[in-house]
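These numbers come from a predicted model, not from an experiment. Reckoned from all heavy atoms, side chains included, excluding hydrogens, waters and symmetry mates.
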Amino acid sequence: MKPLSQKIAWILLTIGCFVKLFLVVQDFSQPLTHRTGGDVEAWPNMAYYFYHNLNFFPWPQLTLVSDEMLYPFGNNHVFQDLTLEFNYFYSLFYHFFGPFGPWASLYYAFCTFLGVFFSFWLLKREYSVSLAFAITFLAFFFDFYSIFKFSGHLVHAVHHWLTWSILTDLILYHRLIKGKPISFSFLLLKSLVLLGSLGQEVAYLTGFALLSTLIFFVSAVGFIALDPNLRSRWSRIESYWACFRWTKSQRLTVFSLIFFNIVLIWAYLPLVFQVLANVALFEGEPSPAAYSWAHPLKLFLPLIGRADLVGLPSILHYFKDRPEFFWDYLIGWTLSGLLIFSFFYLIRKKQIGFALPIFIILGFCLLFHPTVFPTLHVFSWFTFNRNSGRSTIIFSTLIPLLLVFLPLRSMSNRSFPWVTVWFLIGVSEIISVYAIRFSDKAYGFDKKLNSYVTTVRNTPGKAIFDFPFCIIGGNGIGFEENLCPCYLETS
């Protein structure tokens with residue numbers, strides 16, 4: 001089979017990005033919303049709050065306690081979704097172009113293009129173009145869970161920093177267990193990626209980035225400890241000093257990476273520490289025990305068909321789980337087939353140990369139950385993880401990494417019929433899923449809305465639009481307690 005050329009790969013990925021945005025976002029002419037309302041309404045509102053309550057000097061600080069919610073008593077906004085990268089991005093456009101614009105949709109588009117392009121560029125420097133293309137394509141176009149998180153859970157619809165963190169973990173792991181040198185610029189890049197992940201949703205996406213880094217690194221240390229040659233290689237102090245040297249030709253890259261590390265430290269860490277300090281104020285307070293749990297066997301269900309995925313919704317109730325989201329653990333046969341084949345192939349070839357970090361991470365995620373078997377709660381950064389299905393977001397990146405451990409060139413020639421079947425399943429699933437996503441049409445505002453909102457904004461004085469206030473939390477908490485009598489009429 002002829003290897004894929006780099007030029008063709010770039011073209012295909014670019015076309016893929018445009019097609020994905022056309023099918024998922026659909027409308028770039030107006031602010032983000034949905035015909036059914038819901039959480040999507042929170043993102044522009046939270047960004048508005050972030051913009052008007054952020055102070056930059058001497059470092060970023062956010063006014064968290066304000067009467068902008070629950071007037072006139074006020075509230076601590078620390079438990080709102082303060083996803084920093086999105087809020088910074090939205091605030092920038094809000095400042096220069098005003099509030100009425102597709103800023104959230106542009107953020108999704110920006111993350112899609114940047115995520116795809118940088119992932120492919122990073123992987124092709126380490127592996128073949130064909131392998132880099134396959135992993136990138138699966139990670140960003142078979143992320144079915146994420147595309148349906150747009151627009152309601154926007155911050156779970158983008159996963160570029162998380163994906164880059166997992167990819168850099170793989171590359172670092174590979175270099176360590178093969179005794180290859182590790183450059184200072186790569187260490188700086190890894191640091192930058194981890195810092196960047198703080199700008200995404202901290203409770204889940206940042207947590208998964210930290211989990212990946214920890215498991216891959218500990219696995220590499222284990223390999224080094226068990227292999228005499230690797231132990232000898234990495235026991236010499238010269239091996240570590242070599243990681244911090246750079247040549248004159250690398251000077252620009254090194255100083256650029258140092259600069260961006262400093263920028264992210266300044267932009268993110270003060271706010272993260274401020275949020276943690278405010279969360280600590282509520283330690284010991286009673287909180288709702290609401291949780292969701294998805295059955296791991298859903299991984300092996302097909303995603304082929306048009307409107308109902310060949311009766312899939314009618315059989316899901318047999319799993320007796322309580323998922324947060326229909327797409328929890330639904331990754332399709334393309335990824336689950338790759339997972340099953342890789343697992344048994346590597347066992348048969350006695351090479352399963354090399355891919356052990358991937359299976360360990362999958363094990364922590366799939367075995368997790370928030371109350372019965374809280375595997376992820378072993379890690380302090382998953383303290384607020386109460387939805388097992390949200391780990392689905394990493395599967396489209398983690399499972400394709402198994403391709404790195406397979407002899408693809410020889411297998412593609414020897415097992416051509418099976419590769420063809422797998423490819424056709426992939427085509428069927430990607431068409432089926434994106435057709436369903438496209439059928440969820442974007443909501444269109446009345447053309448007079450912008451002028452109406454502008455008139456209200458320019459009218460002198462202040463107004464309270466929601467009084468008496470309405471208290472409804474996530475998953476409808478507060479409704480049964482009658483804390484919002486008009487909720488059904490106004491939501």
Closest heavy-atom pair and its distance - Phe141, Val116 = CZ-CG2, 4.2 Å
key: Centroid separation Phe79 to Phe282 less than 6.0 Å   = yes
task = Kindly say whether the aromatic ring centers of Phe300 and Trp333 come within a distance under 6.0 Å.
result = no
request  = Assign the ring pair Phe144 / Phe142 to parallel, tilted or perpendicular, where the plane angle (0 to 90°) is split at 30° and 60°.
outcome  = tilted
inquiry  = Can you confirm if the aromatic rings of Phe325 and Tyr145 lie within a centre distance of less than 6.0 Å?
reply    = yes
key: Inter-residue atom distance Tyr173.OH - Thr168.OG1, 0.5 Å rounding   = 15.0 Å
inquiry  = Could you check whether His77 and Phe50 have their ring centres less than 6.0 Å apart?
reply    = no
key: Centroid-centroid under 6.0 Å between His377 and Phe368 rings   = yes
request  = State yes or no: are the ring centers of Phe89 and Phe110 separated by less than 6.0 Å?
outcome  = yes
Compile the donor-acceptor pairs under 3.5 Å between side chains in residues 267-275 and protein atoms, sequence neighbours left out, one pair per line.
residue, atom, partner, partner atom, Å
Gln274, OE1, Leu62, N, 3.0
Gln274, NE2, Leu62, O, 2.4

ask   = In chain order, what residues pass the ring-ring contact (aromatic ring centres under 6.0 Å, His included) check against His52, with sequence neighbours excluded?
value = Tyr48, Tyr94
ask   = Measuring from Ser391:OG to Leu367:CG, what's the distance to the nearest 0.5 Å?
value = 10.5 Å
task = Establish, yes or no, whether a centroid distance under 6.0 Å links the rings of Phe18 and Phe22.
result = no
inquiry  = Lys20: which residues meet the salt bridge (Lys or Arg N to Asp or Glu O under 4.0 Å) condition with it, sequence neighbours left out?
reply    = Asp143
query = If you look at every heavy atom in Thr136 and Ala132, which pair is closest and at what distance?
reply = OG1-O, 2.8 Å
inquiry  = On a heavy-atom basis, which atom in Leu205 and which in Val155 lie closest, and how many Å separate them?
reply    = CD2-O, 3.7 Å
request  = Can you label the angle between the Trp327 ring and the Phe148 ring as parallel, tilted or perpendicular, going by 30° and 60°?
outcome  = parallel
inquiry  = Main chain of Leu23, side chain of Gln26: is a donor-acceptor contact present, judged purely on distance under 3.5 Å?
reply    = yes
query = For Lys441, does the NZ atom sit with more than 12 other heavy atoms under 6.0 Å from it, leaving out its own atoms?
reply = yes
query = What pairs meet the side chain to side chain donor-acceptor pair (under 3.5 Å) rule with one or both residues in residues 295-305, with sequence neighbours excluded?
reply = Lys298-Asp321
remark   = Interatomic distance, CD1@Ile147 vs CZ@Phe140, rounded to 0.5 Å, equals 14.0 Å
ask   = After noting the C-alpha distance and the side-chain angles of Phe364 and Phe379, does the key distance pass the ring-ring contact (aromatic ring centres under 6.0 Å, His included) rule?
value = CA-CA 11 Å; Phe364 269 109; Phe379 309 100; 5.2 Å; yes
key: Test side chain to side chain donor-acceptor pair (under 3.5 Å) applied to Ser388 - qualifying residues, sequence neighbours left out   = none
request  = Please list, chain by chain and in numerical order, all residues satisfying salt bridge (Lys or Arg N to Asp or Glu O under 4.0 Å) with Glu85, sequence neighbours excluded.
outcome  = none
message = For Phe150 and Tyr108, take the angle between the two ring planes, folded into 0 to 90°, and tell me which bin it lands in: parallel under 30, tilted 30 to 60, perpendicular over 60.
response = tilted
request  = Would you please name every residue forming a salt bridge (Lys or Arg N to Asp or Glu O under 4.0 Å) with Asp328, sequence neighbours left out?
outcome  = none
inquiry  = Within the 3.5 Å criterion, strictly below it, is a donor on Thr371 or His369 matched to an acceptor on the partner's side chain?
reply    = yes
note = Across all chains, not counting sequence neighbours, the ring-ring contact (aromatic ring centres under 6.0 Å, His included) partners of Phe343 are Phe359
task = Give every residue pair that meets the salt bridge (charged side-chain N to carboxylate O under 4.0 Å, His left out) criterion with at least one member in residues 162-174, sequence neighbours excluded.
result = Asp169-Lys190
Given Leu131, Val404, Ile171, Leu170, the one that forms side-chain contact (heavy atoms from CB on, under 4.5 Å) with Glu126 = Ile171
request  = May I ask you to decide if the ring planes of Phe208 and Tyr204 are parallel, tilted or perpendicular, using 30° and 60° as cut-offs?
outcome  = tilted
query = Short question: side chain of Asn76, backbone of Val78 - any donor-acceptor pair under 3.5 Å?
reply = yes
request  = Would you please say whether a donor-acceptor pair under 3.5 Å links the side chains of Glu429 and Thr334?
outcome  = yes
message = Atom CZ of residue position Phe217 - does it have more than 12 heavy atoms of other residues, nucleotides or ligands inside 6.0 Å?
response = no
request  = I would like to know whether Phe117 and His160 meet ring-ring contact (aromatic ring centres under 6.0 Å, His included); could you show each step before the answer?
outcome  = CA-CA 10 Å; Phe117 291 167; His160 50 299; over 10 Å; no
Partners passing ring-ring contact (aromatic ring centres under 6.0 Å, His included) against Trp121 (at least two apart in sequence or in another chain) = Phe118
request  = To the nearest 0.5 Å, tell me how far Leu192 CG sits from Ser165 OG.
outcome  = 11.0 Å
query = Could you state the interatomic distance from CG (Leu214) to OG (Ser219), rounded to the nearest 0.5 Å?
reply = 8.5 Å
key: Side-chain donor-acceptor pair present, Asn87, Tyr49, cut-off under 3.5 Å   = no
key: Donor-acceptor under 3.5 Å (Thr392 side chain, Tyr329 main chain)   = yes
task = Report the residues that fulfil salt bridge (Lys or Arg N to Asp or Glu O under 4.0 Å) with Asp440, sequence neighbours left out, ordered by chain and then residue number.
result = Arg35, Arg437
query = OG of Ser342 to CG of Leu403: how many Å apart, nearest 0.5 Å?
reply = 6.5 Å
task = Answer yes if the side chains of Thr397 and Thr163 hold a donor-acceptor pair under 3.5 Å, and no otherwise.
result = yes
query = Any idea how His153 and His156 line up, ring-wise: parallel (<30°), tilted (30 to 60°), or perpendicular (>60°)?
reply = perpendicular
request  = Give the minimum heavy-atom separation between Pro99 and Trp103, together with the two atoms involved.
outcome  = O-NE1, 3.8 Å
inquiry  = Looking at Leu194, is its backbone amide N or carbonyl O close enough to the side chain of Ser197 to form a donor-acceptor pair, meaning the two atoms are under 3.5 Å apart?
reply    = yes
Closest non-hydrogen atom pair, Ile393 against Ser146 = CG1-OG, 3.5 Å
ask   = Any donor and acceptor pair, going by atom type alone, linking the side chain of Ser212 with main-chain N or O of Ala209 inside 3.5 Å?
value = no
query = Among side-chain atoms of Trp164 and Ser119, is any donor-acceptor pair under 3.5 angstrom?
reply = yes
request  = Inspect the surroundings of CZ in Phe438 and state if more than 12 heavy atoms from other residues, nucleotides or ligands are less than 6.0 Å away.
outcome  = yes
request  = Determine the minimum heavy-atom distance between Pro407 and Tyr345, stating which atoms define it.
outcome  = CG-OH, 3.1 Å
message = Keeping Thr383 on the side-chain end and Ser380 on the backbone end, is there a donor-acceptor pair under 3.5 Å?
response = yes
message = Holding to ring-ring contact (aromatic ring centres under 6.0 Å, His included), I want the full list of residues that pass it with Tyr434, two or more places apart in sequence or in another chain.
response = none
request  = Evaluate whether atom CZ of Phe354 has more than 12 neighbouring non-hydrogen atoms of other residues, nucleotides or ligands under 6.0 angstrom away.
outcome  = no
